[in-house]
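Keep in mind the model is a prediction, meaning the values are calculated, not measured. We number each residue from 1, following the sequence as shown. Numbering of ligands and ligand atoms starts at 1, following listing order.
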Amino acid sequence: MGQLASLDQRVSALEQQQRRRPVVVCGPSGVGKGTLLTRLLGEYPDDFGFSVSHTTRAPRVGEQGGVHYHFCSKEDMEAMIARGEFIEHARVHSNMYGTSVAAVRAVSEAGKACLLDIDVQGAESVKKTDLCARFLFVAPPSMEDLEKRLRGRGTETEEKVQLRMRNARGEMAYLDKPGFFDTVIVNDDLDVAYLRLKEALLLVPPAEPAGEGRG
Ligand code: ADP
Ligand code: 5GP
């Protein structure tokens, strides 16, 4: 009985560890990553935390420094890179973006699973670290829908829409890399996509059969 209880405790500790693995969320700009993650963070504030990236891009209306991003100059970002303060960094849509060690540490020290909304170059870098992250891709139902959403958001100039749509093709090409992503979610109907996201992140996959049975 005592042995069983301790096995249960070990299983529960492993499940907790699994749930707290960082989650890298990729997908083309405008697909709805931010929308999905904001909803998840709102519903499960004790389970998930957002990795606040650094970026050299200008804040959008409504974006707050330290919440959505740490907005900084190119010089500050380069100095941080030189000091080795980033887990990964990349040039995306003509700006610099990076995930600092401090951003991920702040979330994990709060006992939460860290959500990283980063591009595929960043995902490649995270794969080379010991973060043991899960990798999720959010895909649009079509490129036409993607463009409509990007324009509908009203945050980008025509030139920036074109640039982001060109880069979207490169992001989508990662879907052809076998095994790169653990989960792919098509964000067609938002409620369905959100349900899929919760299924992927909240349900713990069944443990491997132990071979010898419990106890
Ligand atoms: P990302 O963070 O991937 O760049 P956003 O979350 O900012 O994308 O979403 C881009 C736009 O698309 C926003 O205006 C958002 O409200 C809208 N959007 C998100 N998901 C859907 C969906 N399933 N159907 C229609 N519009 C959506
Ligand atoms: P946006 O300018 O729309 O907020 O983000 C543009 C792109 O940059 C998105 O694909 C987003 O995932 C990516 N991005 C945001 N933060 C980071 C980061 O820290 N590192 C990397 N590599 N990409 C990021």
Side-chain angles (χ1 to χ4, degrees), residues 22-42 50-72 77 80-81 85-104 106-107 114-129 131 133 135-157 159-161 163-174 181 184-197:
V23 183
V24 169
V25 180
C26 293
S29 177
V31 74
K33 303 179 297 295
T35 306
L36 287 164
L37 294 185
T38 301
R39 202 157 158 182
L40 188 74
L41 288 160
F50 187 62
S51 161
V52 182
S53 293
H54 280 68
T55 183
T56 59
R57 94 152 156 69
R60 295 175 185 143
V61 174
E63 278 185 337
Q64 284 171 264
V67 176
H68 299 92
Y69 281 106
H70 296 289
F71 297 100
C72 65
M77 192 119 181
M80 283 183 72
I81 293 169
E85 293 179 23
F86 286 109
I87 290 171
E88 64 76 32
H89 59 87
R91 177 163 283 277
V92 191
H93 315 315
S94 78
N95 280 298
M96 287 166 80
Y97 294 81
T99 307
S100 69
V101 175
V104 172
V107 177
C114 187
L115 302 173
L116 289 82
D117 175 347
I118 63 177
D119 86 320
V120 289
Q121 304 171 78
E124 290 268 20
S125 302
V126 171
K127 277 199 186 252
K128 293 179 190 134
T129 70
L131 274 182
F135 293 83
L136 194 143
F137 191 92
V138 183
S142 71
M143 295 310 268
E144 290 71 29
D145 282 294
L146 180 68
E147 189 162 349
K148 241 185 258 168
R149 283 180 200 175
L150 200 46
R151 287 185 192 285
R153 191 169 68 188
T155 53
E156 312 303 321
T157 60
E159 192 190 352
K160 290 276 165 65
V161 169
L163 176 64
R164 284 175 182 243
M165 283 307 294
R166 275 200 302 279
N167 292 343
R169 292 174 205 289
E171 297 262 337
M172 294 296 287
Y174 267 73
F181 293 102
V184 177
I185 294 171
V186 178
N187 182 17
D188 190 349
D189 179 276
L190 182 60
D191 291 337
V192 174
Y194 182 59
L195 206 67
R196 296 281 167 269
L197 180 71

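Here NE2 of H54 is found 11.0 Å from CE of M96. Values are rounded to the nearest 0.5 Å. The distance from the OG1 atom of T38 to the NE2 atom of H68 is 6.5 Å, given to the nearest 0.5 Å. Rounding to the nearest 0.5 Å gives a distance of 5.5 Å between CD of E171 and CG of D119.
Distance alone, capped at 3.5 Å, places no donor-acceptor pair between the R149 side chain and the G30 backbone. Between the side chain of K33 and the backbone N or O of P28, at least one donor-acceptor pair lies under 3.5 Å. T129 places no side-chain N or O within donor-acceptor distance of the main-chain N or O of S125, the cut-off being under 3.5 Å.
Every atom of ligand 2 is numbered from 1 in the order shown, and the set under 4.0 Å from a heavy atom of A90 is 22 (N). Here is the list of ligand 1 atoms found below 4.0 Å of a heavy atom in S29: 4 (O). In the vicinity of L190, heavy-atom distances shorter than 4.0 Å reach the ligand 1 atoms 20 (N), 23 (N). Atoms of ligand 1 found under 4.0 Å from any heavy atom of D188, numbered from 1 in the order shown, are 22 (C), 23 (N), 24 (N). Atoms of ligand 2 lying under 4.0 Å from any heavy atom of R164, numbered from 1 in the order shown and given with element: 1 (P), 2 (O), 3 (O), 6 (C). Close contacts of ligand 2 with K33, meaning ligand atoms under 4.0 Å from a residue heavy atom, involve 12 (O). Counting the atoms of ligand 1 from 1 in the order shown, those under 4.0 Å from a heavy atom of G34 are 1 (P), 2 (O), 6 (O). Numbered from 1 in the order shown, with element, the atoms of ligand 2 that lie under 4.0 Å from a heavy atom of G122 read 22 (N). When each atom of ligand 2 is checked for a heavy atom of D117 under 4.0 Å away, the hits are 11 (C), 12 (O), 14 (N), 15 (C), 16 (N), 17 (C), 24 (C).
Summary of contacts: the protein heavy atom closest to atom 10 (C) of ligand 1 is G30 O, 3.4 Å. Protein heavy atom nearest atom 19 (O) of ligand 2, with residue, atom name and distance: S53 OG, 2.6 Å. Closest protein heavy atom to atom 4 (O) of ligand 2: Y69 OH, 2.5 Å. Nearest to atom 11 (C) of ligand 1 among the protein's heavy atoms is R149 O, 3.8 Å. When hydrogens are left out, the protein atom nearest atom 8 (O) of ligand 1 is G32 N, 3.0 Å; that is the closest non-hydrogen contact. The nearest protein atom to atom 7 (O) of ligand 1, hydrogens excluded, is given as R153 NH1, 2.9 Å; this is a heavy-atom distance. Remark: minimum distance from atom 20 (N) of ligand 2 to any protein heavy atom is reached at E88 OE2, 2.7 Å.
Not one N or O of E171 is nearer than 3.5 Å to an N or O of ligand 2, by distance alone. In terms of N/O distances under 3.5 Å, ligand 2 is approached by R60. Close N/O approach between V25 and ligand 2 is not found [any backbone or side-chain N/O within under 3.5 Å]. Looking at ligand 1, you won't find any N or O of G152 less than 3.5 Å from one of its N or O atoms. When only interatomic distances are considered, the shortest N/O to N/O separation between H93 and ligand 2 does not fall below 3.5 Å. For a threshold of 3.5 Å applied to N or O pairs, the pair formed by N187 and ligand 1 contains at least one separation below that value. Residue H89 places no N or O, backbone or side chain, under 3.5 Å from any N or O of ligand 2.
Only the side chain of R57 comes within contact range of ligand 2, with a heavy atom under 4.0 Å; no backbone atom does. Counting heavy atoms under 4.0 Å from ligand 2, residue Q121 does not touch it at all.
A salt bridge links D191 to R39: at least one charged side-chain nitrogen sits closer than 4.0 Å to a carboxylate oxygen. Under a 4.0 Å N-O distance rule, the pair E88/K127 does not qualify as a salt bridge. Electrostatic pairing of K148 and E144 does not count as a salt bridge here, judged by no charged N lying under 4.0 Å from a carboxylate O.
Here the shortest heavy-atom distance to atom 16 (O) of ligand 1, taken over L36, T38, T35, belongs to T35. Taking only non-hydrogen atoms, the option from I118, D119, V120, V24 nearest to atom 22 (N) of ligand 2 is D119.
No hydrogens or angles considered: nothing links the side chains of S100 and E85 as a donor-acceptor pair under 3.5 Å.
Ring planes of Y174 and F181: perpendicular class, angle over 60° (limits at 30 and 60°).
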